[in-house]
Amino acid sequence: MARGNQGEPTDWVTRAADDAIRHARDVYGEDLGDHVITCASGASPSGPIHLGNLREFLTVHFVAEEIKRRGIAARHLHSWDDYDRFRKVPAGIDPSFADHIGRPLSSVPDPWDCHQSWADHFKAPLQAALAELGVAMEEMSQTERYRAGTYRDQILTAVRRRDDIEQVMAKYRTKQLEGATSAAPESPEEAAALADSVANDDESGLTGLGATDDLARFPFKPYCRECGRDTTIITSYDEDTTDLAYTCQVCAYQGVTNLTTDNEGKLVWKVDWPMRWSVEGVDFEPGGVDHATPGSSYTVGKELVKRVYGGRAPSFVGYSFVGAGGQVKMSSSRGGVPTASDALQILEAPILRWLYVRRQPKQAFNVDFGAEVVRLYDEWDALAKKSADPERSDAQTLAFERASSTSSAGRLPTPAVVVPFRLLSSVADVTAGSAELISTIIGNVGYEHASVADLEPRLGKAMTWTSEYVPTEDRTTVRETPDADRLGALNEDEELWLRQLLDRMPDDLHLDDTTALIYGVPKLARGLGLDDAPTDQVKQDQKDFFRLLYNLLVDADRGPRLPTLFLALGAEKIRTLLTPPS
RNA sequence: GGGCCCCUAGCUCAAUUGGCAGAGCAGAGGACUUUUAAUCCUUUGGUUGUGGGUUCGAGUCCCACGGGGCCUACCA
């Protein structure tokens with residue numbers, strides 16, 4: 001470990017990796033034996049996996065990469081919490097899906113019918129995005145694990161030790177219990193939250209009707225054998241036979257599941273998490289800051305893993321929320337939140353990675369899909385230039401390196417010829433979406449390149465950004481048809497300019513000639529040559545002439561540079577728009 | 001009730017285990033035949049929310065206060 005060296009820049013990744021390694025050495029010994037340092041992430045595929053959720057994956061990814069970089073064996077283990085219950089039907093989904101509430105996400109059908117299940121439908125796009133981002137991880141499905149009985153011993157342990165578990169949980173349970181429902185809500189939000197929690201109680205049937213306190217706080221919850229929902233109330237548990245009897249609140253089924261022989265349920269979340277730490281040997285696992293607050297899952301889990309499983313909680317960092325655009329907080333149950341795939345439509349993979357690595361996890365930030373994108377690319381390009389010089393190595397260039405390559409994917413794709421994003425998007429703005437044409441114009445304005453491929457992946461992202469995210473009022477709209485009124489009302493000068501322009505404009509346009517021609521037309525009209533220096537009169541004429549052209553071409557007084565606009569539209573289109581319809 | 005984050009130029013924000021307060025945009029000036037939110041150069045702009053403390057040194061660490069925001073308590 002090259003720590004403490006003056007020359008080695010450090011960042012939050014370095015420190016998190018230090019912690020993970022220290023954790024592993026404390027548990028497995030200085031030489032680690034054959035233990036592979038395990039960095040774990042977890043996510044519930046209950047809806048679109050948005051840019052806030054992405055932080056879970058990337059935080060773990062960067063730390064695992066750093067450990068590997070030091071030559072220590074490490075893995076990124078990801079748990080899909082697809083055995084969690086389906087909680088509510090998101091807006092925009094067929095309300096009849098309410099029927100599935102309480103079933104595991106992996107047992108709810110895909111509303112769009114393109115995947116095996118609800119869970120798979122939301123996993124798939126993220127898996128694709130992670131592949132593009134160069135994130136390689138071992139994935140496991142909690143549904144498979146639970147159904148295979150992998151956790152049977154741990155479940156039996158938890159049930160046997162449920163009094164200890166309850167003690168720990170109770171320690172963090174403050175007052176409330178009643179109180180809350182009778183107290184007058186102080187705000188609409190609070191009222192809504194209350195209503196929500198009451199509704200949840202109703203549907204989950206946890207209010208312990210008729211059940212003893214002991215059974216009401218049971219750490220294991222069975223899914224109903226008949227209807228598959230977790231709307232079960234435990235009615236008895238036999239310590240010797242491990243028979244667990246329950247009644248389903250929804251379908252009224254009364255059944256018995258045996259914890260030693262059947263695999264029909266799961267541990268409650270606050271026990272499930274520490275259980276997995278101990279089973280998988282997790283050395284590092286981040287969580288949203290909400291998981292880190294006192295009484296929440298991490299603090300409770302930390303005690304439980306020690307007391308119940310004799311394990312040690314992984315090193316932890318809490319990360320803050322990632323917003324999009326102007327919004328600060330996203331909810332996965334609300335439709336329309338941007339996902340990693342959305343961001344990758346407009347950002348090169350290393351840039352998206354960079355957004356997540358350059359800030360401390362605790363710092364909240366936004367991924368902006370608006371005008372900030374241009375600046376982001378500019379900053380990135382400047383950083384790339386700086387990073388090329390080893391003498392200037394610092395925390396920023398370290399972030400650049402972390403963003404740019406991974407141990408499994410190598411250097412992630414960037415364009416062979418780097419053209420400012422601003423330029424690509426403004427050319428794309430007026431070229432009706434043809435990559436070939438954009439490439440030609442880009443070449444003409446000084447960015448030599450062999451083919452369209454040399455501009456990718458940036459070109460495609462610039463085209464998408466321009467067409468999907470630039471507001472219409474900021475875009476250039478080329479006229480479909482000539483402006484007959486304006487063309488019919490030309491004064492003498494204007495008529496002369498247009499005629500001379502069209503007479504001299506070739507069918508095949510080149511940038512330099514076109515530039516000379518456009519600036520030269522007003523000179524010709526004053527009896528000068530194309531190459532003569534302009535007089536003040538000509539300069540004024542140029543302004544008027546340019547405005548006329550913008551009026552006729554794009555219905556505005558100003559616009560993109562005319563020579564490039566001409567090349568983008570092509571001679572034929574220009575001719576059409578500058579000639580009165582007959 | 002508890003926890004966390006933020007407050008830095010007119011605006012949006014950087015400053016990564018304490019080390020010369022910095023960019024972009026906006027503003028001003030200039031150059032390129034120059035109309036353009038597609039060029040380049042120069043330049044203005046600061047008591048880092050307030051008050052204390054630690055330190056040779058604080059935007060950064062500690063305490064208090066003010067303002068803004070997020071999370072949390074039952075359940076997963």
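- Closest to the side chain of Q542(A), from the set rU16(B), rU39(B), rU33(B), is rU33(B).
- Looking at heavy atoms from C-beta onward, L498(A) lies in side-chain contact with L490(A) at the 4.5 angstrom threshold.
- With distances taken from any side-chain atom of R87(A) to the nucleotides rU16(B), rU34(B), rC75(B), the minimum falls on rC75(B).
- Taking the C1' atoms as reference points, rC32(B) lies 8 Å from rU39(B), given to the whole Å.
- Under the 4.5 Å side-chain criterion, counting only non-hydrogen atoms from C-beta, Y377(A) is in contact with K461(A).
- Of the candidates rA23(B), rU35(B), rA76(B), rU35(B) carries the atom nearest the F546(A) side chain, counting heavy atoms from C-beta on.
- Donor-acceptor pairing under 3.5 Å is recorded for the side chains of D11(A) and T14(A).
- For L423(A) and K543(A), each mapped to the nucleotide of RNA chain B holding its nearest heavy atom, the one lying further toward the 5' end belongs to K543(A).
- Aromatic pair Y519(A)/F546(A): centroids less than 6.0 angstrom apart.
- Nucleotides rG66(B) and rC74(B) place their C1' atoms 34 Å apart, quoted to the nearest Å.
- Pair assignment for rC61(B) gives rG53(B), based on Watson-Crick or G-U wobble hydrogen-bonding distances that are each under 3.5 Å.
- For the C1' atoms, the distance linking rA14(B) with rC6(B) amounts to 14 Å, nearest Å.
- At a threshold of 4.0 angstrom between heavy atoms, the contacts of R422(A) are confined to the sugar-phosphate backbone, with no base atom among them.
- With distances taken from any side-chain atom of D84(A) to the nucleotides rC13(B), rA76(B), rU35(B), the minimum falls on rA76(B).
- Nucleotide rC4(B): paired with rG69(B) (Watson-Crick or G-U wobble, both distances less than 3.5 Å).
- In this structure, D82(A) pairs ionically with K123(A), as a charged nitrogen and a carboxylate oxygen lie closer than 4.0 Å.
- Within the structure, a side-chain polar atom (N or O) of R217(A) is placed less than 4.0 Å from OP1 or OP2 of rC75(B).
- For rA14(B), there is no paired nucleotide, since no Watson-Crick or G-U wobble pair has both relevant distances below 3.5 Å.
- rC5(B) and rG49(B) have their C1' atoms separated by 15 Å, given to the nearest Å.
- Checking rU43(B) for Watson-Crick or G-U wobble geometry (two distances, each under 3.5 Å) identifies rG27(B) as its partner.
- Remark: the Y146(A) side chain and the D272(A) side chain contain an N/O donor-acceptor pair separated by less than 3.5 Å.
- Checking rU16(B), rA76(B), rU39(B) against every side-chain atom of V268(A), the shortest atom distance belongs to rA76(B).
- As judged by a 4.0 angstrom heavy-atom cut-off over every strand, Y550(A) is placed among the base-contacting residues.
- Distance from the side chain of R15(A) is smallest to rU16(B) among rA23(B), rU16(B), rU39(B).
- With C1' as the reference atom, rA15(B) and rG24(B) are 15 Å apart, rounded to whole Å.
- Of the candidates rU16(B), rU35(B), rA76(B), rA76(B) carries the atom nearest the K266(A) side chain, counting heavy atoms from C-beta on.
- Between rA76(B) and rC7(B), the two C1' atoms lie 35 Å apart (nearest whole Å).
- Heavy atoms of R359(A) sit under 4.0 angstrom from primed sugar atoms or phosphate atoms, though from no base atom.
- Nucleotide rC20(B) forms no Watson-Crick or G-U wobble pair with any nucleotide shown, as no partner meets the under 3.5 Å limit on both distances.
- Atom C1' of rA23(B) sits at a distance of 22 Å from the matching atom of rG18(B), rounded to the whole Å.
- Comparing rG69(B) with rG52(B), their P atoms are spaced 28 Å from each other, to the whole Å.
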